[in-house]
Q: 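Below are the structure tokens for one structure; questions will follow.
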Amino acid sequence: MSSVTVFAPSTVSNVACGFDILGFALDGEGDRITASLRDKPGVSIVDIRGDDGLLPREIHLNTAGLAVQTLLEGTAENRRGIDLEIEKGTPPASGLGSSAASSVAAVLAASELLGLGLTNEQLLPASLEGERIASGGVLHGDNVAPCLYGGFVLVRDLDPPDIVSIPVPDDLYCAILRPHVEIKTSESRVLLGGSLSLSTAVRQWGNVAGLISGLHTGDLDLISRSLEDVVAEPVRGHQVPAFHEIKEAALGAGALGCSLSGSGPSIFAICHGRAPAEATVEAMKAALDHASGLASNQIVSVVGGAGAHLVAD
């Protein structure tokens, strides 16, 4: 093959209580990257669409470029050259795993183009290196792992990688509101500091355990009680216009829980059924419109869509 195209989905990370360890893939939203062979060694970004000119083309600064460069350096194919064409469907700084989608799509495309046949476990390290740029050098897998594997995942460890697939009850949907503001992950992480009180940590651990148990057993009440973030949301919520009004509207519309996706500004709400999710996202939009008039996008998706995969050019 002279070229291949890969789609990698947007993701919701943290999922309220699971800071840096929980995430799930969305359905239909994401990035497309085409990788093509070229005569000269190395990696080149020949085109980026859908980013409003915001993303760098320098390989060491671009998540897709660095991810592929890292992959090539770890294989015997480092003398081959690859051109990348990037089509952004996940807006940068949106809280929906934009950098992870580009990293994962690029790495999988390069692997398929070169016939390497690498597994998800083998693709994960290079994808994480690309993602590292966006998070200010911090290595975390709660966007990359669900983007690559699909579904709902627990990142138990990254060294060595230990990615656990979590079952999702039937008819569980996600309503997402993305206000048109940008919040950079690297800047948002600084707000969190480096320590927690023991009581805060214990409460968060209980929520993580409760959410995992509720997903396994289909206990919607337990899922709802556990979708509480006492670590990141109290610190990051003020960055998102009308966050508390939007959350109140989501819960008032019947959502099981509502919180920031990643560092925001996107806000997700978990709902039982597609129709309730559609009603919830409309209520969230109305709350934002009333409070600020800020433009936004709305997404309704199953919780745990397909992971990155090849598509027709």
Side-chain angles (χ1 to χ4, degrees), residues 9-18 22-31 50-52 54 88-98 100-101 143 146-147 152 168-169 171-185 188 220 223-224 226-229 232-305:
S10 305
T11 50
V12 168
S13 61
N14 295 345
V15 197
C17 55
L22 294 180
F24 61 83
L26 299 179
D27 182 38
E29 305 286 330
D31 290 5
D51 70 325
D52 295 326
L54 297 175
K88 292 298 296 177
T90 310
S94 62
L96 295 175
S98 176
N143 286 118
C147 181
F152 194 118
V168 177
D171 218 25
L172 208 61
Y173 280 79
C174 182
I176 297 174
L177 182 75
R178 180 178 70 83
H180 288 186
V181 295
E182 291 186 0
I183 297 177
K184 293 184 178 180
T185 302
S188 187
L220 299 181
I223 291 172
S224 180
S226 303
L227 285 169
E228 176 194 40
D229 178 11
E233 183 184 305
V235 179
R236 289 173 163 176
H238 73 278
Q239 294 182 288
V240 179
F243 169 70
H244 295 291
E245 291 88 343
I246 294 167
K247 180 174 180 176
E248 183 177 350
L251 297 176
L256 300 176
C258 178
S259 190
L260 297 171
S261 177
S263 56
S266 292
I267 303 165
F268 78 95
I270 302 295
C271 305
H272 188 223
R274 184 174 187 92
E278 291 172 344
T280 295
V281 82
E282 289 303 318
M284 295 165 74
K285 180 181 183 300
L288 177 65
D289 290 345
H290 178 75
S292 73
L294 193 68
S296 64
N297 287 89
Q298 300 81 49
I299 300 170
V300 173
S301 167
V302 295
V303 173

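Residue numbers start at 1 and run along the sequence shown.
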Q: Who are the salt bridge (charged side-chain N to carboxylate O under 4.0 Å, His left out) partners of E233, not counting sequence neighbours?
A: K247
Q: Determine whether a donor-acceptor pair (N or O, by modelled atom type, separation under 3.5 Å) exists between the side chain of T280 and the backbone of P276.
A: yes
Q: I'd like to check the side chain to side chain donor-acceptor pair (under 3.5 Å) partners of S296; sequence neighbours left out, ordered by chain and number.
A: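 In terms of side chain to side chain donor-acceptor pair (under 3.5 Å), with neighbours along the sequence ignored, S296 is linked to Q298.
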Q: Using the salt bridge (charged side-chain N to carboxylate O under 4.0 Å, His left out) criterion, which residues pair with D171? Sequence neighbours excluded.
A: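 Partners of D171 by the salt bridge (charged side-chain N to carboxylate O under 4.0 Å, His left out) criterion come out as none, since no residue qualifies.
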Q: Can you tell me if NE2 on H180 sees more than 12 non-hydrogen neighbours from other groups inside 6.0 Å?
A: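 Yes, because the 6.0 Å sphere around NE2 of H180 holds more than 12 heavy atoms from other groups.
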Q: Could I get the full list of side chain to side chain donor-acceptor pair (under 3.5 Å) partners for S98, not counting sequence neighbours?
A: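 For S98 the side chain to side chain donor-acceptor pair (under 3.5 Å) partners, ignoring immediate neighbours, are K88.
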Q: I'd like to know if the side chain of T90 pairs up with that of S10 as donor and acceptor (distance under 3.5 Å, no hydrogens or angles considered).
A: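 A pair is found: one side chain offers a donor N or O, the other an acceptor, under 3.5 Å apart.
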Q: Taking side chain to side chain donor-acceptor pair (under 3.5 Å) as the test, write out the residues that go with E228, two or more places apart.
A: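 With neighbours one apart ignored, the set is R203, N207.
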Q: For the residue pair F24 and F152, categorise the inter-ring angle as parallel (less than 30°), tilted (30 to 60°) or perpendicular (more than 60°).
A: parallel
Q: Set out, in order, the CA-CA distance, both residues' side-chain angles and the distance that settles side chain to side chain contact (heavy atoms under 4.5 Å, CB included) for R236 and D229, then state yes or no.
A: CA-CA 11 Å; R236 289 173 163 176; D229 178 11; over 6 Å; no
Q: When you look at V281 and I299, which way does the side chain to side chain contact (heavy atoms under 4.5 Å, CB included) test go after all the steps?
A: CA-CA 8 Å; V281 82; I299 300 170; over 6 Å; no
Q: Using side-chain contact (heavy atoms from CB on, under 4.5 Å) as the criterion, list what pairs up with V181, not counting sequence neighbours.
A: P179, P241, P265, L294
